[in-house]
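For ligands, and for the atoms within them, numbers begin at 1 and follow the listed sequence.
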Amino acid sequence: MQLSTKNLLGIKDLSAEDISLILNTASQFKEVLQRPVKKVPSLRDITIVNLFYENSTRTRISFELAEKRLSADTINFSASASSVSKGETLLDTVNNILSMKVDMVVMRHSASGAPHFLAKHIPAAIVNAGDGINEHPTQALLDAFSIQEKTGSLEGKKVLLIGDIMHSRVALSNIYLLKKMGAEVMVAGPPTLIPTYIEQALQVKVEYNLKKALQWCDVANVLRIQLERQNQVLFSSLREYNLAYGVSKKLLDSLQKEIVIMHPGPINRGVEIDSDVADSSQSIILQQVENGVAVRMAVLYLLAGKKTE
Ligand code: CP
């Protein structure tokens, strides 16, 4: 089977069949990653550049590791240490890199739509590793893989996204994916961080009371406050945010059931989530990171048009 798309720009462009194919392929790669020799020769004739115009810990390391596990040749590009500081444009930078016979580009950029712009101008396959406040498709895929692994399926699951929905590319990609795969989605947070159109436009439930929202869900994905993307004051203080929307052990203990806790990282401990929740047995935060490698191997492998060996 093949993906219906040449690039992975967003979950918006994927069908439910594409998503299932990626998740099933990731399961096979997860099995490879449990072996003593965690490497397969699938992409040994492929060269991939990791083009990061914005900071990253998890996504960047995860893509690089996925590429190495698939035996691809990899090049890491960091905008801050490049000729971008001398005025070179995105398109010039990428065309120069491609002239060195690069097959795929993994790109993170602070501008929403940057990978879509590139896809119109270059022949290499492009994987969006996060663009502004638009999408972060591989994060949503690894979140879905982790929910499926922990709870058995996505169909009918009640998934809550908490926090800065307005500025979160993780939220948008998760909403697209979960809705396509038959899950129910609710968002919770301060009214100033939840777009007013979201309920109608994306068919999600909205709840401003965190305890009620937690009582509704099976899985809660806690999001970071994206202070770097906010150009105005949208809540009074981080302390007040924590009191109203921070996920604490006391709050979870007051529920009548145990829910699964997720977070895409990086975590702001004591703001959106307390340490005794992030580090608890209910939390699958580090499993999400582990699963990211298998999911990114699946994406790269399928986009390279290979067949499972
Ligand atoms: N989840 C995520 O995208 O983390 P990084 O910004 O560290 O890549």
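Linking Ile, Leu, Val, Met, Phe, Trp and Tyr residues whenever their side-chain heavy atoms come within less than 4.5 Å places I285 and V159 in a single cluster. Linking ILVMFWY side-chain heavy atoms closer than 4.5 Å, directly or via other members, places I11 and L300 in a single hydrophobic cluster.
Side chain of S112 to backbone of I133: a donor-acceptor contact under 3.5 angstrom is found. The closest donor-acceptor contact from the side chain of N128 to the backbone of P115 lies at 3.5 Å or more, if one exists at all.
Look at R296 and E67 and you find no salt bridge, because none of the NZ, NE, NH1 or NH2 atoms lies under 4.0 Å from a carboxylate O.
Around ligand 1, the residues contributing at least one heavy atom under 4.0 Å from the ligand are S56, T57, R58, T59, R108, H136, Q139, P264, G265.
F145 meets the ring-ring contact (aromatic ring centres under 6.0 Å, His included) test with no other residue; sequence neighbours excluded.
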